[in-house]
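Please read all numbers here as calculations on a predicted model, not as lab measurements. Every number for a ligand or one of its atoms is a count from 1 in the order of the listing.
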Amino acid sequence: MSVAAELRARLSGTPTIGVIGLGYVGLPLAVAFAESGARVVGVDLDARRVAAVAAGRSFIEDVPAATLAPLVRAGRLDATDDVTALKEADAVIICVPTPLGKSKEPDISFIVSAADAVASIIRTGQLIVLESTTYPGTTQEVLLPRFEARGLGAGRDFFLAFSPERIDPGNTQWRLRDIPKVVGGLTPACRELVTALYGRITARVVPVSGPETAEMVKLFENTFRSVNIALVNEFAIMCRKLGISVWEVVSAAATKPFGFMPFWPGPGLGGHCLPSDPYYLSWKVRMAGYEPRFIAFADEINRHMPAYVVQLVADALNDRARSVRGARVLVLGVAYKPNVADTRDSPAIEIVDMLTAKGARVAYHDPHVPALTVHGARLESVATVRPADYDLLLVLTNHDGYDWPALAREAALIIDTRNATGGLGAAANVIRL
Ligand SMILES: NC(=O)c1ccc[n+]([C@@H]2O[C@H](COP(=O)([O-])OP(=O)(O)OC[C@H]3O[C@@H](n4cnc5c(N)ncnc54)[C@H](O)[C@@H]3O)[C@@H](O)[C@H]2O)c1
């Protein structure tokens, strides 16, 4: 039997699967493979994460401890900081961060160190998959040479593929298993093996012609979101100028059964992905002699939104003969999106910082985020929301669980950037984006 055929048989049986990077992407993936009957070994440099997983404790909202703990107890899922534990793995999946550097250039240092770690243990008969969002060409230009330098042949001795992660943390309707998985293998054998691997955990695997196409698919999806969010954010600005509700406009437009898809405005983009990913593409394409325009333009509009929200606050206070300086502001929700604890690149951080710099006395409440660091200062979520203690409530994230009718009754003023109060209709003390 060829190496590929042997690996194919193992992937259909009870394989050992290594996951490097146990974060928002890696931990749910590790759990899904363990639930599929595989033995999973997770590797992370963060000792606290390793200890938590090894003890069956989850730190990701979408992975309940009740799911994780029995898998750990049954010996189906283990965690370590030692990559040599992956020597026996049939497949190794890399899910490490891909942030931006200071000049918005891709920082692939985590991919490089994970690839070096894999290169130190790679052997004949392994499938290596990169899942981190990155520029087209990374798998072939960064991973492949490191593995080939070990004297192994791609598509013959070892197998290499890219498969973008598409999970949407906090989304209970579309979970990992329900989302089709795009895969791009380096060779036909790589493609067949990566298709078999993900066939264990998803109902539909979508093979594309190669890793760079799969890398580009993810960047297209995220650029599409970023551009459409910028468009609707600009519509929010235009609607305000014309005295029209952008929320009503988008809701009505969304009744068109074809050719339209609703996106909603907000206080700015956040999270690990949307603000950064498109820049991976512009960087790569710029090196090929083309300067992309949509990406930079969308980013300009989206990055302006926190300042726009601060201006809304200042104008609303001004209309009530108040200044921002000295105003008591309670921000509701600081995570970058509803029902998650993730504050990476959250626009709330910038908005709190700007309001504080203007002299406002800012507190926040977020049921998912007990503490937040803004410009070096540590803030703690207030335990309860007492609207009477503030001049205004500023809604930045519409987490479930708030009693909006009660808050609107009690608050002097609400500035709502998420239409959380939309069901209440027009009210003199509620201003929506
Ligand atoms: N968070 C999302 O919703 C999402 C969705 C789709 C794609 N992605 C992409 O997936 C990738 C991972 O994102 P994430 O949100 O899971 O990141 P994360 O920060 O939550 O997790 C990454 C983990 O990798 C670990 N790590 C870093 N370098 C390592 C190394 N060399 N060896 C072992 N562990 C290492 C970190 O300690 C961390 O625990 C990124 O490229 C991101 O763009 C994220």
* Compare Arg48, Arg166, His272 and give the one whose heavy atom is closest to atom 13 (O) of ligand 1. => His272
* **Parallel, tilted or perpendicular: ring planes of His365 versus Tyr402, cut at 30 and 60 degrees** => perpendicular
* Just wondering, more than 12 heavy atoms not from Lys104 lying within 6.0 Å of its NZ? -> yes
* Is the shortest heavy-atom distance from the side chain of Ile351 to the side chain of Val331 under 4.5 Å? -> no
* Is there a heavy atom in Cys273 that sits closer than 4.0 Å to ligand 1? -> yes
* Structure fact -> Exactly one candidate in Arg175, Arg76, Arg177 meets salt bridge (Lys or Arg N to Asp or Glu O under 4.0 Å) with Glu35; the answer is Arg177
* Asked: Out of Leu27, Leu45, Asp44, Asp342, who gets a non-hydrogen atom closest to atom 32 (N) of ligand 1?
  -> Leu45
* Structure fact -> If we number the atoms of ligand 1 from 1 as shown, the ones under 4.0 Å from a heavy atom of Phe110 are 27 (C), 28 (N)
* **Plane angle bin for Phe33 and Tyr198 - parallel if under 30°, tilted between 30 and 60°, otherwise perpendicular** => tilted
* Structure fact -> Here the atoms of ligand 1 under 4.0 Å from any heavy atom belonging to Lys218 are 6 (C), 7 (C)
* **Atoms in ligand 1 with a heavy atom of Pro169 nearer than 4.0 Å** => 3 (O)
* To do: Give yes or no for whether the N/O distance cutoff of 3.5 Å, strictly under, is met between Glu165 and ligand 1.
  => no
* Looking only at protein heavy atoms, which one is nearest to atom 24 (O) of ligand 1, and how far off is it? -> Gly21 CA, 3.3 Å
* Asked: Relative to the ring of His368, is the ring of His399 parallel (under 30°), tilted (30 to 60°) or perpendicular (over 60°)?
  -> tilted
* Under 4.0 Å from a heavy atom of Asp46: give me the atoms of ligand 1 that qualify, with their elements. => 37 (O)
* Nearest protein heavy atom with distance in Å, relative to atom 31 (N) of ligand 1 -> Ser113 OG, 3.2 Å
* To do: Starting from atom 1 (N) of ligand 1, find the nearest protein heavy-atom neighbour and note its residue, name and distance.
  => Tyr24 CB, 3.5 Å
* Asked: Which atoms of ligand 1 have any heavy atom of Gly23 under 4.0 Å away?
  -> 16 (O), 18 (P), 20 (O), 21 (O)
* Near Met261 CE, under 6.0 Å, is it more than 12 heavy atoms from other residues, nucleotides or ligands? -> no
* To do: Determine, considering heavy atoms only, which of Gly271, Pro97, Ser276 sits nearest to atom 22 (C) of ligand 1.
  => Pro97
* Structure fact -> Residue, atom and distance of the protein heavy atom nearest atom 26 (N) of ligand 1 read Val96 CG1, 3.9 Å
* N/O donor-acceptor pair under 3.5 Å between Ser132 side chain and Thr98 backbone -> no
* Is it the case that more than 12 heavy atoms not belonging to Arg344 sit under 6.0 Å from its CZ atom? -> yes
* Structure fact -> Checking heavy atoms under 4.0 Å, the part of Ser132 that sits near ligand 1 is both
* To do: Among Glu215, Glu212, Glu141, Glu105, find the one that has a salt bridge (Lys or Arg N to Asp or Glu O under 4.0 Å) with Lys284.
  => Glu141
* Tell me which protein heavy atom sits closest to atom 9 (C) of ligand 1, plus the residue, atom name and distance to 0.1 Å. => Thr133 OG1, 3.5 Å
* Decide whether an N or O pair under 3.5 Å exists between Arg344 and ligand 1. => yes
* With heavy atoms of Val43 as the reference, note each atom of ligand 1 found under 4.0 Å away. => 33 (C), 34 (N)
* Would you mind checking which non-hydrogen protein atom is closest to atom 5 (C) of ligand 1, with the distance to 0.1 Å? => Ile167 O, 3.7 Å
* Structure fact -> Min over Thr98, Val25, Leu22 of heavy-atom distance to atom 10 (O) of ligand 1 lands on Val25
* Would you check whether Glu131 has a nitrogen or oxygen atom less than 3.5 angstrom from a nitrogen or oxygen atom of ligand 1? => no
* Asked: Arg378 and Glu380: salt bridge (charged side-chain N to carboxylate O under 4.0 Å, His left out), yes or no, with the steps?
  -> CA-CA 7 Å; Arg378 185 183 144 95; Glu380 283 181 13; 3.0 Å; yes
* Asked: Which atoms from ligand 1 have a heavy atom of Arg49 less than 4.0 Å away?
  -> 20 (O), 21 (O), 38 (C), 39 (O)
* Asked: With Tyr364, which of Leu396, Leu332, Val329, Val369 fulfils side chain to side chain contact (heavy atoms under 4.5 Å, CB included)?
  -> Val369
* Structure fact -> Quick note on ligand 1: atoms under 4.0 Å from a heavy atom of Ile20 include exactly 32 (N), 33 (C)
* Structure fact -> The side chain to side chain donor-acceptor pair (under 3.5 Å) partner of Lys337 among Asp342, Thr397, Asp168 is Asp168
* May I ask you to check whether Phe263 and Phe235 place their ring centres under 6.0 Å from each other? => no
